[in-house]
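Presented below is the structure to which this report refers.
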Amino acid sequence: MVGGLRASDDGTEATLAGWVHRRRDLGGLLFLDLRDRSGLVQVSLGPEWTDEASMAHAQEIGHEDVILVEGVVALRPEGNRNADRATGDVEFRARTVRRLSKARTPEIPVYRAPEDELPAEELRLRHRALDLRRSELQRNLALRHRLVLEVRNYMDRHGFLEVETPILTKATPEGARDYLVPSRVHHGEFYALPQSPQLYKQILMVAGFDRYFQIARCFRDEDLRADRQPEFTQIDVEASFIDVEDILVWIQGLMASLADVAGIDAPLPFPRLTWAEAMERYGSDRPDLRFELELEDWTDATAGVDFGIIRSQVDAGGRVRGVRIPDGARLSRRQIESIEAVAKAAGAPGLLWAKRSEDGTSGPLGKFLEPTDADAMGLEVGDLALVAAGPDALTSPVLAAVRDEVAVVAELPRVREHAWLWVTDFPVYLEEDGELVASHHPFVMPHVDDLDLIETDPARVRGTAYDLVYNGTEFGSGSIRIHDPELQRRVLRVLGLTDTEIEEKFGFLLGALSAGAPPHGGIALGMDRIVQRFTGSQSLRDVIAFPKTTAARGLFEGAPTSVGAAELEALGLRLGPDVAGRGA
RNA sequence: GGGGCUGUAGCUCAGUCGGUUAGAGUGCCGGUCUGUCACACCGGAGGUCGCGAGUUCGAGUCUCGUCAGCCCCGCCA
């Protein structure tokens with residue numbers, strides 16, 4: 001491993017192999033930077049220590065060729081050391097050099113000068129073998145390996161058993177679109193790739209594997225984002241005879257040891273907020289607590305303000321909420337408008353604001369405020385208030401987006417660099433466009449005190465679900481599950497499923513629950529996302545060796561492709577007229 | 001499904017108001033050079049301006065369509 005050579009290795013005979021990262025030909029002397037995944041070392045060739053045939057052969061050696069070098073580690077001459085490089089005190093004096101493999105001129109450079117831009121991502125993905133040679137990606141994948149290893153070690157230490165669950169599974173109504181795989185044996189029938197091993201792991205609990213985990217590949221056929229890939233990896237965990245507290249303690253312990261591997265702070269225990277508190281104080285179920293800025297309820301403080309927008313929203317049952325930015329009056333109109341743009345993108349018709357100065361208050365809302373109103377709102381001279389009025393369902397996401405944007409625009413000081421948080425007690429049901437949907441998934445055990453509300457007031461039923469949040473990103477999500485088949489049926493019925501549909505879709509789960517199911521629960525954590533955040537990568541694509549593009553294509557291998565008529569025939573499939581002419 | 005940005009040499013980019021032969025750096029090829037490390041210096045090759053229509057005397061430049069990549073909304077835990 002060439003990157004580990006140091007002055008203490010002076011005089012060591014060795015044979016090194018790797019790629020030619022860079023070459024500097026001085027005529028009589030030739031320097032090659034030799035690279036492997038451990039780093040770089042300078043190989044020097046000169047007539048006094050390199051044999052004649054190798055000197056001649058070396059003339060043909062170019063960038064990214066694979067070479068084998070035999071020689072000795074030597075201290076560099078005084079004055080020729082390179083302090084910017086780990087191996088800079090030494091060089092490898094080649095006695096012989098042999099090219100093992102010639103590389104065509106690289107389509108994209110592996111070497112980058114300090115100020116060079118990265119090649120376009122399309123090219124990086126198309127020529128992934130070259131791109132993956134870059135030290136950043138090598139480092140990302142190496143950290144990913146160490147994190148996965150630590151997951152397995154930690155879970156093993158805590159008595160968890162890794163069990164593999166099927167990749168060819170049954171289509172589930174879990175929300176996202178399934179990837180379907182046609183059955184050759186049963187024409188007209190399809191497997192689905194798993195969106196998660198949720199049902200299998202619950203069945204493993206019924207089977208008595210009371211502590212399970214899996215590094216599980218999952219699939220969702222939905223449109224992509226920078227932080228969303230069609231196939232992704234979850235740390236899937238489930239345990240029996242436990243309560244919420246057990247899971248939170250295990251998992252925060254896991255995260256602390258993963259963070260330790262990555263050199264990131266994760267002081268235990270992690271702070272907690274209930275979902276209701278998080279929504280009230282931050283407008284979000286995954287607030288970024290690196291900075292301190294909380295939403296305020298100014299409904300009462302503005303009760304006397306004669307401003308149409310506010311009055312009409314409050315009369316309709318809404319509230320007046322917002323954020324107070326101390327010293328925020330220094331923000332320019334342009335900066336405030338950029339925050340308002342974010343608010344609008346989050347669904348707000350507009351954003352009200354008020355600046356307080358020595359002369360009073362100004363701004364679209366400010367001009368309606370009396371000094372007593374500003375006092376009631378807690379506004380001090382120099383403060384800026386950003387305000388939204390309306391129902392919480394509208395203002396919460398708006399103000400959450402405003403809060404994040406303010407942190408950037410107003411350069412709010414970070415009170416910590418690594419903000420861990422548990423959000424607990426998610427509701428079982430959320431109302432969306434007048435319809436009830438499961439807030440996590442329909443297997444979440446309702447809070448014991450709220451069981452009577454399931455049919456009468458479902459939106460108020462608290463669940464035993466929790467999310468793990470890191471710097472405003474959801475790392476994972478879990479709950480205690482329903483282990484009573486009758487309760488499971490009740491919860492599903494409220495979602496609008498008929499008994500027939502329930503049997504059809506969840507029959508095998510309900511059957512298993514009837515076989516003597518232990519109380520159980522668990523969590524699923526997004527492995528890719530954890531690695532992304534721990535490495536500081538902008539995109540999930542930088543922590544996955546062979547990712548898909550936003551159009552769900554693999555550019556390196558060229559997936560997906562059309563298939564021939566014979567393959568379709570064997571599967572009992574025929575293409576529709578609008579696609580039949582394309583491709584093979 | 002919708003919106004936005006980008007596409008010019010192998011790579012990263014510049015290209016004025018629509019005007020003569022489309023440039024730079026780097027890489028590549030050839031040459032000089034015994035301590036370089038973004039080696040230096042000299043010379044050279046390299047272009048379907050993503051693709052297709054249209055406007056125009058004339059299009060890298062303007063218009064429309066289309067393809068690809070990226071970002072966002074919808075969707076998705």
Side-chain angles (χ1 to χ4, degrees), chain A residues 21-34 40-50 55 59-60 62-64 74 76-85 87-88 91 93 104-127 130-131 174-178 195-196 198 218-230 232 234 285-286 341-342 344-347 401 426 430 432-433 437-441 444 465 467-469 473-479 523-526 529 538-539 541 548-553 555:
Chain A
H21 189 62
R22 200 72 185 151
R23 86 178 248 149
R24 292 176 293 280
D25 187 349
L26 272 60
L29 290 178
L30 174 64
F31 298 99
L32 299 175
D33 287 338
L34 184 68
L40 294 174
V41 73
Q42 171 168 285
V43 173
S44 67
L45 294 87
E48 289 164 37
W49 58 87
T50 307
M55 281 305 283
Q59 293 309 307
E60 291 167 23
H63 290 162
E64 300 306 317
R76 294 195 190 183
E78 206 63 45
N80 286 309
R81 305 203 170 155
N82 185 342
D84 297 333
R85 199 179 273 187
T87 59
E91 63 185 7
R93 298 236 165 122
R104 64 173 183 270
T105 300
E107 290 84 356
I108 58 172
V110 176
Y111 166 82
R112 274 203 306 148
E115 302 305 320
D116 283 355
E117 298 287 330
L118 275 177
E121 187 157 19
E122 180 178 359
L123 293 168
R124 291 177 44 210
L125 294 174
R126 208 174 285 286
H127 306 289
L130 293 171
D131 195 37
E174 231 187 288
R177 268 187 289 263
D178 287 315
Q195 296 181 29
S196 85
Q198 180 65 32
C218 304
F219 307 84
R220 295 200 174 113
D221 190 5
E222 294 289 351
D223 288 344
L224 277 62
R225 289 284 190 283
D227 59 354
R228 251 166 35 195
Q229 283 276 308
F232 56 100
Q234 290 196 336
D285 57 11
R286 48 178 179 83
V342 167
K344 284 180 174 169
F426 275 71
L430 285 176
E432 266 177 27
D433 305 324
V437 296
S439 82
H440 273 68
H441 52 58
V444 173
D467 276 9
L468 175 63
V469 178
T473 299
E474 183 203 310
F475 266 7
S477 176
S479 71
I523 194 165
L525 302 156
R529 203 165 283 189
Q538 294 297 308
S539 164
R541 293 182 295 273
K548 301 286 188 284
T549 67
T550 49
R553 285 190 180 278
L555 292 184

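Convention: sequence-line order gives letters A, B, ...; per-chain numbering from 1.
Spacing between B:rG7 and B:rG60 at atom C1', rounded to whole Å, works out to 12 Å. Distance noted for atom C1' between B:rA22 and B:rA59: 13 Å (whole Å). Remark: the separation of the P atoms in B:rG46 and B:rU63 is 33 Å, to the nearest Å. Here, B:rU61 and B:rC17 have their P atoms 15 Å apart, quoted to the whole Å. Straight-line distance between the C1' atoms of B:rU8 and B:rA14: roughly 10 Å, to the nearest whole Å. Nucleotides B:rG30 and B:rG35 have their C1' atoms positioned 25 Å apart, rounded to a whole Å. Across the C1' atoms, B:rC41 and B:rC33 are found 9 Å apart, a figure rounded to whole Å. B:rU20 and B:rU66 have their P atoms separated by 32 Å, with the value rounded to a whole Å.
Contact check for A:Asp467 versus A:Arg286: no side-chain heavy atoms found under the 4.5 Å cut-off. Two residues are said to be in side-chain contact when any heavy atoms from C-beta on lie closer than 4.5 Å; A:Gln229 and A:Leu224 meet this criterion.
Searching all strands for a Watson-Crick or G-U wobble partner of B:rU36 with both distances below 3.5 Å returns nothing. When Watson-Crick and G-U wobble pairs are counted only if both distances are under 3.5 Å, B:rU61 pairs with no nucleotide at all. The partner of B:rC17 cannot be assigned: no Watson-Crick or G-U wobble pair with both contacts below 3.5 Å exists in any strand. Across all strands shown, B:rC42 is found opposite B:rG30 as a Watson-Crick or G-U wobble partner, with both distances under 3.5 Å. Using Watson-Crick or G-U wobble geometry with both donor-acceptor distances under 3.5 Å, B:rC70 finds its partner in B:rG4. Pairing for B:rG47 is absent, with no Watson-Crick or G-U wobble pair whose two atom distances lie under 3.5 Å. In this entry B:rG25 has B:rC11 as its Watson-Crick or G-U wobble partner, both defining distances falling under 3.5 Å.
Atom pair A:Asp131:CG and B:rU12:P shows a separation of 12 Å (rounding to whole Å applied). A:Arg126 has its CZ atom 13 Å from the C1' atom of B:rG7, to the nearest Å. In this structure, A:Lys548 places its NZ atom 22 Å from P of B:rC76, rounding to the nearest Å. Atom-to-atom, CG of A:Leu555 to C1' of B:rC70 comes out at 12 Å; the value is rounded to the nearest Å. Going from atom CD of A:Glu64 over to atom P of B:rC28 covers 11 Å, rounded to whole Å. In this structure, A:Leu123 places its CG atom 10 Å from P of B:rC13, rounding to the nearest Å. For the pair A:Glu60 CD and B:rC28 P, the interatomic distance rounds to 15 Å; values are reported in whole Å. Atom CG in A:Asp223 sits about 13 Å away from atom P in B:rC71, given to the nearest Å.
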Kindly indicate, with the supporting measurements, whether the criterion salt bridge (charged side-chain N to carboxylate O under 4.0 Å, His left out) is fulfilled by A:Glu222 and A:Arg228. CA-CA 9 Å; A:Glu222 294 289 351; A:Arg228 251 166 35 195; over 6 Å; no
For A:Arg124 and A:Asp131, what are the C-alpha separation, side-chain angles and deciding distance, and is it a salt bridge (charged side-chain N to carboxylate O under 4.0 Å, His left out)? CA-CA 5 Å; A:Arg124 291 177 44 210; A:Asp131 195 37; 3.0 Å; yes
Worked verdict on A:Asp33 versus A:Arg24 for salt bridge (charged side-chain N to carboxylate O under 4.0 Å, His left out): CA-CA 9 Å; A:Asp33 287 338; A:Arg24 292 176 293 280; 3.0 Å; yes
Base versus backbone protein contacts along nucleotides 35-46 of chain B [heavy-atom cut-off under 4.0 Å; B, S, -]: BBBBB-------
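Along RNA chain B, the nucleotide closest to A:Arg553 and the one closest to A:Glu222 are compared, and the more 5′ of them pairs with A:Arg553.
Evaluation of atom-type donor-acceptor distances gives no pair under 3.5 Å for the side chain of A:Arg124 against the base of B:rG69. Contact of A:Arg220 with B:rC76 (side chain to base): no donor-acceptor pair of N or O atoms is detected under 3.5 Å.
No close placement of the A:His63 and A:Tyr111 rings is indicated, their centers lying 6.0 Å or farther apart.
For the atom pair A:Leu118 CG and A:Leu123 CG, the distance stands at 11.0 Å (nearest 0.5 Å).
A donor-acceptor contact shorter than 3.5 Å links the side chain of A:Gln195 to the backbone of A:Ala176.
At a threshold of 4.0 angstrom between heavy atoms, the contacts of A:Ala551 are confined to the sugar-phosphate backbone, with no base atom among them.
For B:rC28, one of the phosphate oxygens OP1 or OP2 lies less than 4.0 angstrom from a side-chain nitrogen or oxygen of A:His63. In this model, the phosphate group of B:rC71 is approached by a side-chain N or O of A:Arg541 to a distance below 4.0 Å at OP1 or OP2. OP1 or OP2 of B:rG69 lies within a sub-4.0 Å distance of a side-chain N or O belonging to A:Thr549.
Atom CD of A:Gln59 has more than 12 neighbouring heavy atoms from other residues, nucleotides or ligands inside a 6.0 Å radius.
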